[in-house]
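Ligands are counted one by one from 1 in listed order, and the atoms in each one are counted from 1 as well. Only this structure's heavy atoms are used, side chains among them; waters, hydrogens and symmetry mates stay out.
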Amino acid sequence: MTGSEGDEHLIVRKIEAGTVIDHIPAGRALDVLRILGITGKEGYIVAVVMNVPSRKLGKKDMVKIEWVELSQEQVDRIAIVAPSATINLIRNWKVVEKRPVELEDKLINILKCPNPNCITNSAGEHIKTSFTVKRRVPLVVACDYCGYRMGREEAISHLKGALKR
Ligand SMILES: [Zn+2]
């Protein structure tokens, strides 16, 4: 690594094991932590770096979480908040896997439908929510049950199980 892409190593030390979420759009690192449900009270060692110079993005944020590997569902959530992000899996001080997040065409049980009349919000019904990605940039998703459409910011605030702002 040369140039600005390597600068984060001067700011954050290498980790023995865990996950590095790289290429997060600048200013979104805290949103990424929030949707992962990480508050700091869990005891994980977390490093957040914001506004690091990046060739690809101009500026980027990074999150390093030691001793934690993310589930596919968590990666899918990150795709909504930070579609440019890459997930690096670290084991024994080495990057053993590096992959971009991918926004699936269907988001199953990831978002809550904001429409109170939607069948997925009926008491007693245990229907998994299902949203179709209609457009990626800027993001537009639509509920497969009631057709409710929402953009990225609204989708972020309706992520299931996420901590509220
Ligand atoms: Zn709906």
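Protein atoms that are N, O or S and lie under 2.8 Å from the Zn ion (ligand 1) are these: Cys113 SG, Cys118 SG, Cys143 SG, Cys146 SG.
Rounding to the nearest 0.5 Å places NZ of Lys98 at 4.5 Å from CG of Asn88.
Partner of Thr132 under the side-chain hydrogen bond (donor to acceptor under 3.5 Å, both in side chains) criterion, chosen from Arg149, Lys106, Glu104: Lys106.
By the neighbour-count criterion of 12 heavy atoms within 6.0 Å, atom CZ of Arg152 is densely surrounded, having more than that number from other residues, nucleotides or ligands. Tyr44 OH: 12 or fewer foreign heavy atoms inside a 6.0 Å radius.
Of the possible donor and acceptor atoms, one in the side chain of Arg136 sits under 3.5 Å from a partner among the backbone N and O of Leu103.
Partners of Thr129 by side chain to side chain donor-acceptor pair (under 3.5 Å), not counting sequence neighbours: none found.
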